[in-house]
There are 2 protein chains.
Amino acid sequence: MASIKDVAAQAGVSVATVSRVLNSHPSVSPDARARVLAAVDALGYRPNAVARSLRTDQTRTLGLVISDVLNPYFTALARSVEEEARALGYSVIIGNADERPEQQDHHVRTLLDRRIDGLLVSPADGESPLLLDVARTGTPMVFVDRWIPGVDIPVVRADGHRAIQDLVAHLHALGHRRLAIIAGPAATTTGNERVEAFGEAMRAHGLALPDAYIGQGDFQADSGRRATEHFLSLPEPPEIVFAADNLMALGALDAIRARGLRVPEDIGIAAFDDIPWFVHTGPPITAIAQPTGDLGRAAVRALVDIVEGRPPQSVTLPATLVVRSSCGERTSTPGSNE
Amino acid sequence: MASIKDVAAQAGVSVATVSRVLNSHPSVSPDARARVLAAVDALGYRPNAVARSLRTDQTRTLGLVISDVLNPYFTALARSVEEEARALGYSVIIGNADERPEQQDHHVRTLLDRRIDGLLVSPADGESPLLLDVARTGTPMVFVDRWIPGVDIPVVRADGHRAIQDLVAHLHALGHRRLAIIAGPAATTTGNERVEAFGEAMRAHGLALPDAYIGQGDFQADSGRRATEHFLSLPEPPEIVFAADNLMALGALDAIRARGLRVPEDIGIAAFDDIPWFVHTGPPITAIAQPTGDLGRAAVRALVDIVEGRPPQSVTLPATLVVRSSCGERTSTPGSNE
DNA sequence: ATCATCCGTGTAATCGATTCCACGGCTCGT
DNA sequence: ACGAGCCGTGGAATCGATTACACGGATGAT
């Protein structure tokens, strides 16, 4: 592959001049510029980003470590992140943690070895010593969706409190009293937050959230399945299962179907995270929608702010309830069909 | 960030010795090795991958350009690609083309600028001059899922012929005669192949595939919606709509639901690509499943073979029909329920 | 006419690694 | 005891870019 030296030779100038033309430095004569451009064209020259990065100590690359590529929520996030980054002149390298802390750390390390300019991460656990360390060394970093408490790093996320209140109100109005939740890993902030908000909202309606109605999940479908099976085997199973993410809702649906039960007649389902498929499940699933696109864009902007030396901003955007039919409807006027 | 010089100074040796220790070169005394290792530890030193790549002319990184991150088929593919690559000591940079050739080219170019060791592509179009050029310059490259005909590049893909025959046989046995297909872009190999196989299989059953029953799609949900609306407005609408990918099937479902029609009673649906959600749609969707994991792994192995100077192998794996209930069942014995 | 300034350009240092080559000290064979 | 060969080590070149500095020629001010 042609290097800057080849271009210089072909154009009859020094490498310095070639570099100046490429970086649109003002002091280059029109004549020299034209000859360089011609040479670049003739040789199909493209600057070696590796060499450039070594010299300038910047890669114009952002790292994004997401918890799970198979989760539509995170791919939607990844897409908006990449889009905004591209618009700002950055590339994005995505690392998939598969909800495993050690795989997350692996990615963080390789990303750092590649000297990315900044890191966007949605921590798989709330404790990663590596991440803490990275934060301390001053690598530009922003948390998205999940975060590690007590570290001074901007966080871009959706706040589900209000939407969860709306959900509980909706369920209560539908006549449901026994509400269960499948929680995310205790080590994640979103995992805890959603359980707390749910419990709080229930208390506001005079309902209790017994421990038996709190299932431990890990944001993966399988755990949703197991938690739901457990709920269904209870002497008094819940009327509604609320999954703290979309994959666990999928698992819950599996478990319910495996038992031959119907949704919402026998048991209702709701989920955190809205995804296109929820419109088409049988029945369509009531969900809490996050403004994924805005989240991704805000996260990139915050990170680039840090990278380029501007003060960054934490951002919290509201999530919203999307009512569908998976928890039943109009039970107060029974018999009304259509 | 500490560099190799700092380590050398701290350990009281030269940078050459540090480098030897790091690359486990045999001729280093146990004493020197210990001192270097201690210094590495004390300083938290990590080699600069950028500098190393510049010198060795290899990045141990593979580029993967996929057509659409929001398509579960491709994220499943991306996941297995990353996994296998990691196992072989490579990282993967994913570029999302969003089915747009110019965005695909953008990613190919930046990937090349970063001097990735090899490129895995599922071309968004069948013509990209850039891709042809890259192939000609000898950059290690493998096509996955889709390919560009007439270029001497290994292809790793699933063959749907047999599964499509099975599907048509299944539909025929169910009594369906008017079968329509929503095709992918004519510029993609998979797009064409699926239509041809479908037409062929129909002919084998003495059925015709009229032009009006061939909808033009682009592998995105919206196009599936539009094509289906068109089908439904025909004087004699089809009994079955077969979508050439999962997103267009989603769109088809949308369109059908919007008209207030039922699946499969009023019209049936089938799709190429099987994804976890198809189990839970209303009704569960009959689909053709690709061995995504095997595809991704085989693609990485073929690419790494080229990179490391071994002869690569094209791989074709069979897709298989997964029958569910979206096309109806047992219509020959009406009334049978359960 | 003279000197300061500025402009376009080239030379060379530099980024952080790897690796060839040379060198000094040992071991071993004869 | 002496030379050959090996081993551990360091010096320095190198990868492909950017950029500080120097330099010669032209311009402009006085």
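Numbered from 1 within each chain, the chains take letters A, B, ... in sequence-line order.
- No donor-acceptor pair under 3.5 Å is formed between the side chain of Ser19(A) and the backbone N or O of Thr17(A).
- Closest contact between the side chain of Ala16(B) and the listed nucleotides dG8(C), dT19(C), dG10(C) involves dT19(C).
- Going from atom NE2 of His25(B) over to atom P of dG8(D) covers 9 Å, rounded to whole Å.
- Not a single donor-acceptor pair under 3.5 Å links the side chain of Ser122(A) to the backbone N or O of Trp147(A).
- A salt bridge between Asp145(A) and Arg157(A) is absent, with no side-chain N of the basic residue lying under 4.0 Å from a carboxylate O of the acidic one.
- For the pair Arg20(A) CZ and dA17(D) P, the computed distance is 15 Å after rounding to whole Å.
- In this structure, CZ of Arg33(A) is placed 10 Å from P of dG8(C), rounded to the nearest angstrom.
- Note: Ile93(B) CD1 to Ile94(A) CD1 = 10.5 Å, rounded to the nearest 0.5 Å.
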Any protein N or O atoms within reach of nucleotides 15-17 of chain C? Criterion: under 3.5 Å, listing atom names and distances.
from, atom 1, to, atom 2, distance (Å)
dG16(C), N2, Ala51(B), O, 3.4
dA17(C), OP1, Tyr45(B), OH, 2.7
dA17(C), OP1, Asn48(B), N, 2.5
dA17(C), OP2, Ile4(B), N, 2.3
dA17(C), OP2, Tyr45(B), OH, 3.3
dA17(C), O5', Tyr45(B), OH, 3.3

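- Nucleic acid contact for Ser27(A): base, since at least one base atom lies under 4.0 Å from a heavy atom of the residue.
- At the heavy-atom level, Val13(A) lies under 4.0 Å from the strands shown only through sugar-phosphate atoms.
- A straight line from CZ of Arg35(B) to P of dG8(D) spans 14 Å, rounded to a whole angstrom.
- Under the 3.5 Å distance criterion, the side-chain polar atoms of Arg60(A) are matched with a main-chain donor or acceptor of Gly89(A).
- Residue contacts for Thr17(A): at a heavy-atom cut-off of 4.0 Å it reaches the sugar-phosphate backbone alone, with no base atom in range.
- Put simply, CG on Leu130(B) and OG on Ser128(B) are 5.0 Å apart, with the number rounded to the nearest 0.5 Å.
- As a whole-Å value, the separation of Asp31(A) CG from dC7(C) P is 18 Å.
- Each of Val28(B) and Val18(A) was matched to the nucleotide of DNA chain D holding its nearest heavy atom; the match closer to the 5' end belongs to Val28(B).
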